[in-house]
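Order of listing sets the numbers, starting from 1, for every ligand and every atom in it.
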Amino acid sequence: MSKLTSSSVIKRYANNPVLCDKDVPYPATLVFNAGITKYQGKYVMVFRNDYGNTQAEVDAGTKKPWELKTNIGLAFSDDGKKWKVEPKPCFDLSSPDGEIRRSYDPRLTVIDGRVYMCFAVDTNHGLRGGIAVTDDFKKFDVLHLTVPDNRNMVLFPEKIGGRYMRLERPFPVYSRGGKDRFDIWMSASPDMKYWGDSHLVLGVEDVPYANDKIGPAAPPIKTKKGWLTTFHAVDRDDATRGKNGWEPKWTKRYTGGIMLLDLNDPSKIVGMSKEPLIAPEAPYEASGGYRNDVIFPGGMVLEPDGEVKIYYGAADTVECLATAHVDDLIKLCTEAR
Ligand code: BMA
């Protein structure tokens, strides 16, 4: 697939990345794919931390990146730009019997004053999606784990029609031709524990710049025109792409997209931009990372003046920030219809 460029409404933060391994006071190598929200007057970030081998060890060929272990770290900020990482990781679901290998890619949503965290879980019997709730980021109660293979879940910040709602991305390999053809779905729940009434929201074939899979990105934000939400879109080129990062072979590209969902029935798409919102272009997105050409949005904050902060993992290596005005983002979705 050809070159992809970011929308002109997007401004990258000049001091990107906002968080990287050097900011973390415990073993850290890849610091990325964070969930961010505002809670009790502060910005809060939970981030994925892959640790175990240094980049130098990987580069020297003495250690392989896939030996990395993962935990979830915690950081706070007063302005959403300068972050201070807490002394210890805040969440690690790996179980002593080895069945749960790790949890990662957290996303945060505040609902009725409590913080809910969605996360992915690798187990010996498949990839699962989890939901936990916390009030202090010290104690997390795990409320729900999906059956495999389903992850990349994000919650809406309020009940809709009396039910909690989530976007999610199952991996239906068997019925989609035995390869990646994965779509965005949604489900509802009366209590965060039992989920059902599932609907397809967006098929991968409807995203012009994806030829592989798509998935939910940052949790939706509410606007007058609908639920504004990002997603990630993947195109793959095994013929011309090869080594692209520390990994021996990486032939995918991850791009951020944007769509608007109906306020009362979010399984209905009001509009979707036919072009990427953020495509990997900056040096920290396109070179020098673990997997280059990866944009993975996980947090979106709507400020009172209409600025939207979009946080995204870049190159599976660092955490970055870009901003846009909410009206421009809505226009991108509605004018594309
Ligand atoms: C996905 C997830 C993400 C990661 C992305 C790109 O499948 O593993 O955590 O950012 O691939 O490597």
What is the ring orientation for F140 with F137, classed by angle as parallel under 30°, tilted 30 to 60°, or perpendicular over 60°? perpendicular
Can you tell me which residue and heavy atom of the protein come closest to atom 8 (O) of ligand 1, and the distance to 0.1 Å? R151 NH2, 3.9 Å
Ring of F171, cation from R169 - is the NZ or CZ under 6.0 Å from the centre and inside 45° of the axis? yes
In ligand 1, which numbered atoms sit nearer than 4.0 Å to a non-hydrogen atom of N33? 3 (C), 4 (C), 9 (O), 10 (O)
Cut-off 3.5 Å, side chains only: do T29 and D50 have a donor facing an acceptor? no
When you measure from atom 6 (C) of ligand 1 to every protein heavy atom, which one gives the shortest distance, and what is it? D316 OD2, 3.3 Å
A student checking ligand 1 against R291 at a 4.0 Å heavy-atom cut-off should list atoms 6 (C), 12 (O)
Answer yes or no: does atom CG of N124 have more than 12 heavy-atom neighbours from other residues, nucleotides or ligands under 6.0 Å? yes
By number and element, which atoms of ligand 1 are closer than 4.0 Å to a non-hydrogen atom of K213? 7 (O)
Qualifying residue, where the test is side-chain hydrogen bond (donor to acceptor under 3.5 Å, both in side chains) with H144 and the options are R128, R166, K193: R166
To the nearest 0.1 Å, how far is atom 11 (O) of ligand 1 from its closest protein heavy atom, and which atom is that? Y254 OH, 3.0 Å
Would you check whether H232 reaches within less than 4.0 Å of ligand 1, judged by its heavy atoms? no
For E247 and ligand 1, answer yes if some heavy atom of the residue is under 4.0 Å from a ligand atom, otherwise no. no
Using a strict threshold of under 4.0 Å (side-chain N to carboxylate O), is an ion pair present between R163 and D197? yes
Residue, atom and distance of the protein heavy atom nearest atom 9 (O) of ligand 1 read D105 OD2, 2.5 Å
Mind telling me whether F47 and Y26 have parallel, tilted or perpendicular rings, with 30° and 60° as the class edges? parallel
Using 4.0 Å as the upper bound for N to carboxylate O, is an ion pair formed by D149 and R151? no
What atoms of ligand 1 come closer than 4.0 angstrom to any heavy atom of W250? 6 (C), 12 (O)
Could you establish whether Y290 and ligand 1 come within less than 4.0 Å of each other, counting only heavy atoms on the residue side? no
Within reach of ligand 1, part of F182 (heavy-atom separation under 4.0 Å): neither
Inspect the contact between E303 and K38 and indicate whether a charged nitrogen and a carboxylate oxygen are less than 4.0 angstrom apart. yes
So for K252 against ligand 1, with non-hydrogen atoms under 4.0 Å, the contacting part is neither
